[in-house]
Undergrad: 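Next up is a structure, given as structure tokens.
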Amino acid sequence: MTVALEHYVFVSILLFAIGFFGVLLRKNTLVVFMCLELMLSASILALIAFSRYNATAANPLMEGNLFVLFIIAIAACEVSVGLAIIVTLWRRHQTVELNEINELKH
């Protein structure tokens, strides 16, 4: 059994949708942060799948792999900044609930 490109795209769309609705519906900053990472992972999966299925003899798999490498580097930076923001919010407000943190509204 071979896995077609459509299967990868379907799983990627499903993961992205779960992450998107998680960001919209959840109020806990840690859960929102994990949903953002899920959306990023879905885009990485799609890039890898398109790279795998669009490879030619002259261009074997390198463009998608380079995109994924850059995305992983950006994701690592995003995780460090996001966790620093969450830790700072916890130290100031002793909560990570977005409803209770209204400091940025004013």
Side-chain angles (χ1 to χ4, degrees):
M1 179 179 159
T2 60
V3 180
L5 178 63
E6 293 83 17
H7 296 109
Y8 288 110
V9 172
F10 176 74
V11 171
S12 176
I13 290 171
L14 184 66
L15 287 176
F16 193 86
I18 291 170
F20 180 73
F21 287 113
V23 168
L24 289 180
L25 299 176
R26 301 303 299 235
K27 301 296 181 193
N28 189 322
T29 54
L30 289 173
V31 175
V32 169
F33 190 68
M34 287 189 297
C35 290
L36 286 172
E37 292 298 321
L38 192 61
M39 292 167 63
L40 188 65
S41 298
S43 65
I44 290 173
L45 177 65
L47 279 174
I48 292 172
F50 283 118
S51 172
R52 168 73 172 89
Y53 283 94
N54 290 327
T56 60
N59 189 12
L61 298 177
M62 285 308 294
E63 291 180 5
N65 292 346
L66 287 176
F67 280 130
V68 170
L69 182 66
F70 287 126
I71 289 174
I72 289 173
I74 292 170
C77 296
E78 173 199 342
V79 165
S80 63
V81 171
L83 287 178
I85 291 172
I86 291 172
V87 168
T88 303
L89 288 174
W90 172 257
R91 285 184 180 171
R92 283 188 176 196
H93 302 284
Q94 299 297 318
T95 184
V96 291
E97 295 295 322
L98 291 175
N99 289 342
E100 298 175 15
I101 302 169
N102 58 5
E103 189 174 90
L104 298 176
K105 290 182 179 177
H106 303 289

Undergrad: From the options L40, L25, V23, select the one residue that forms a side-chain contact (heavy atoms from CB on, under 4.5 Å) with C35.
TA: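 The residue from L40, L25, V23 that satisfies side-chain contact (heavy atoms from CB on, under 4.5 Å) with C35 turns out to be V23.
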
Undergrad: Treat each ILVMFWY residue as a node, draw an edge where side-chain heavy atoms are under 4.5 Å apart, and state whether I85 and V87 are in one component.
TA: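 The answer is no; the residues belong to distinct hydrophobic clusters.
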
Undergrad: Quick one: does T88's side chain have a donor or acceptor within less than 3.5 Å of a partner on A84's backbone?
TA: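 Between the backbone of A84 and the side chain of T88 there is a qualifying donor-acceptor contact (under 3.5 Å).
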
Undergrad: Can you tell me how far apart OG1 (T2) and NE2 (H7) are? Round to the nearest 0.5 Å.
TA: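 Going from OG1 on T2 over to NE2 on H7, the span is 8.0 Å.
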
Undergrad: Quick one: do F10 and V3 end up in the same hydrophobic cluster if we chain Ile, Leu, Val, Met, Phe, Trp and Tyr together by side-chain heavy atoms under 4.5 Å apart?
TA: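 No.
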
Undergrad: Among T29, L89, N28, which residue meets the side-chain contact (heavy atoms from CB on, under 4.5 Å) test with E97?
TA: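 The single option meeting the side-chain contact (heavy atoms from CB on, under 4.5 Å) with E97 is N28.
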
Undergrad: Same cluster or not: F16 versus V32, using hydrophobic residues (I, L, V, M, F, W, Y) connected whenever any side-chain heavy atoms lie under 4.5 Å apart?
TA: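 F16 and V32: one cluster.
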
Undergrad: According to a 4.5 Å side-chain heavy-atom criterion applied to Ile, Leu, Val, Met, Phe, Trp and Tyr, with indirect links allowed, do Y8 and I18 form part of one hydrophobic cluster?
TA: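 The answer is yes; both residues are in one hydrophobic cluster.
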
Undergrad: If you group Ile, Leu, Val, Met, Phe, Trp and Tyr by side-chain heavy-atom gaps below 4.5 Å, do F50 and L45 land in one group?
TA: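 Cluster IDs for F50 and L45 match.
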
Undergrad: Just by distance, do the side chain of S41 and the backbone of E37 share a donor-acceptor pair under 3.5 Å?
TA: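 Yes: the side chain of S41 pairs with the backbone of E37.
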
Undergrad: Distance check, rounded to the nearest 0.5 Å: E78 atom CD versus I74 atom CD1?
TA: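 E78 atom CD to I74 atom CD1 measures 9.5 Å (nearest 0.5 Å).
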
Undergrad: Look at the side chain of S12 and the backbone N and O of A42, then say whether any donor-acceptor pair between them is shorter than 3.5 Å.
TA: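 At least one qualifying donor-acceptor pair exists.
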
Undergrad: Measuring from atom CE of M39 to atom CZ of F21, what distance do you get when rounded to the nearest 0.5 angstrom?
TA: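 Separation between the atoms: 10.5 Å.
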
Undergrad: Is the backbone of W90 close enough, under 3.5 Å, to the side chain of H93 for a donor and an acceptor to pair up by distance?
TA: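 Checked: no pair found.
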
Undergrad: Please evaluate residues F20 and L38 with respect to the criterion side chain to side chain contact (heavy atoms under 4.5 Å, CB included), reporting the C-alpha separation (whole Å), side-chain torsions for both, the decisive distance (0.1 Å), and the verdict.
TA: CA-CA 9 Å; F20 180 73; L38 192 61; over 6 Å; no

